[in-house]
> 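Below you'll find the structure I mean.
Sequence positions, counted from 1, serve as the residue numbers for this chain. All ligand and atom numbering here is 1-based and tracks the order in the structure.
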Amino acid sequence: MKHDPAIILKPGRTLRLKDFDPAYTGAYKDKKDAKEKLAGDIEKMAALQDKFYAQNRSALLILFQAMDAAGKDSTIKHVMSGVNPQGCQVFSFKQPSALELNHDFLWRTTQCLPQRGMIGIFNRSYYEDVLVTRVHPELLLKQNLPGITEGKDVPGSFWENRFSQINNFEKMVSENGTRVLKFFLHVSRHEQKKRFLERIVNPEKNWKITLADVEERAFWGRYEKAYEHALTKTSTAAAPWYIIPADNKWFMRTAVGDIIVRTLKELKPAYPALTGEKSAELGRIKRRLARGR
Ligand code: ATP
Ligand code: MG
């Protein structure tokens, strides 16, 4: 079975979020059916990762972008629950520091790219620099960019340039052995409100909500436009976007797990082949151990 066509954003296609239903649940009979599929994928992921790490040839970068409360954190927690922590690193990108603002927008994330054999997870990413900074251009001014001293100085070509810089960057890392998987967790405005209310009612979730989160809802339409433009321009053959319906967490997690397993399989991880030299070394080790010391 190929990737669900309801989820992948084919390169060249113009994204209109209203064409993608956040409540879509695919072909699963019910929640239980989807959870079983995810449990199987978590086991497969563990076995694939073991070989991936041993092979030390490719790296896998998985990045998540979404509106608040879409479920980035919980997806990472559930879907990656079977992987060996030794072969996996998670980075969450918040407001940039003064040092980060004094570099180009790809600098801070580039330092966190996974090395060969590793799975790297970006919870938010360099895409924030064509999303939140687009909705709030005053953030962009903090970057001290040449020729940009006021919000009105930012021409459309500025964003087009950043999209091609991102595409070139992703092409470069892909050609050098890092597969880039990009997930947009697509939650509806209505479901976000429900989840915010739940964060108020449930004492264990109180820490997750701030007034700023709720104020950001006023910019929903502008975020949608920014996402539509950015994802349309950066869904490429090397690194297409997956638009994951996020109103049902069980479906979202299962879809993400499925795509990660398929991608790892495509990378054909395998334990390194035993060379004649290694085989002779194993023989020597065995004889030495047999001598009892
Ligand atoms: P949660 O889902 O738990 O709320 P979060 O990822 O939203 O997690 P927060 O600390 O609430 O974490 O918010 C991080 C904030 O940092 C987001 O509002 C995001 O837009 C912002 N941010 C990330 N990267 C940049 C950037 N390059 N420039 C400006 N703001 C950024
Ligand atoms: Mg937040």
> Relative to atom 7 (O) of ligand 1, which among Gln95, Arg108, Arg124, Glu100 owns the nearest non-hydrogen atom?
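Shortest heavy-atom distance from atom 7 (O) of ligand 1: Arg124.
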
> Given the side-chain rings of Tyr127 and Phe184, with only the six-membered ring counted for Trp, is the space between their centroids under 6.0 Å?
no

> Are the charged groups of Asp33 and Lys37 less than 4.0 angstrom apart, N to O?
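Salt bridge flag = no for Lys37 with Asp33.
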
> Please check if atom CD in Glu138 has more than 12 non-hydrogen atoms from other residues, nucleotides or ligands closer than 6.0 Å.
yes

> Strictly under 2.8 Å, is any N, O or S atom of Asp68 next to the Mg ion (ligand 2)?
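So Asp68 does bind the Mg ion (ligand 2) by this criterion.
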
> Quick one: does NZ or CZ of Arg162 land under 6.0 Å from the six-membered ring centre of Phe105, within 45 degrees of the ring axis?
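Yes, cation above the ring, under 6.0 Å and within 45°.
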
> Should we say atom CD of Glu43 is surrounded by more than 12 heavy atoms from elsewhere, each under 6.0 Å from it?
no

> Heavy-atom contacts under 4.0 Å between Gln143 and ligand 1: side chain, backbone, both, or neither?
neither

> Heavy-atom pairs closer than 4.0 Å: do any link ligand 1 to the side chain of Asp68, the backbone, both, or neither?
side chain

> Quick check: does Glu128 get an N/O under 3.5 Å from an N/O on ligand 1?
yes

> So which bit of Leu131 gets within less than 4.0 Å of ligand 1, heavy atoms only: side chain, backbone, both or neither?
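The answer is neither.
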
> Taking only heavy atoms of Asp129 into account, list the atoms of ligand 1 that are under 4.0 Å away from them.
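Going through ligand 1 atom by atom, the ones under 4.0 Å from Asp129 are 27 (N).
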
> Before accepting this row, confirm whether a basic side-chain N of the pair Glu191/Lys194 lies closer than 4.0 Å to the acidic partner's carboxylate O.
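Here Glu191 pairs with Lys194 in a salt bridge, since their nearest N and O are under 4.0 Å apart.
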
> We want to know whether Asp73 and Asn123 form a side-chain donor-acceptor pair, criterion being a heavy-atom distance below 3.5 angstrom.
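Short answer, yes.
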
> Can you tell me the protein heavy atom closest to atom 30 (N) of ligand 1 and the distance?
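For atom 30 (N) of ligand 1, the nearest protein heavy atom is Val132 CG1, 3.5 Å.
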
> With atom 12 (O) of ligand 1 as the reference point, say which of Lys94, Arg195, Met67 has the nearest heavy atom.
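Looking at heavy atoms only, the winner is Lys94.
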
> Could you tell me which atoms of ligand 1, counted from 1 in the order shown, lie closer than 4.0 angstrom to a heavy atom of Asp73?
3 (O)

> Which residue holds the protein heavy atom closest to atom 26 (C) of ligand 1, what is that atom called, and what is the gap in Å?
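In this structure, atom 26 (C) of ligand 1 has Pro96 CD, 3.4 Å as its nearest protein heavy atom.
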
> Can you tell me if Lys171 has over 12 outside heavy atoms packed within less than 6.0 Å of its NZ?
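No.
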
> For ligand 1, note which part of Glu216 has a heavy atom under 4.0 Å away: side chain, backbone, both or neither.
neither

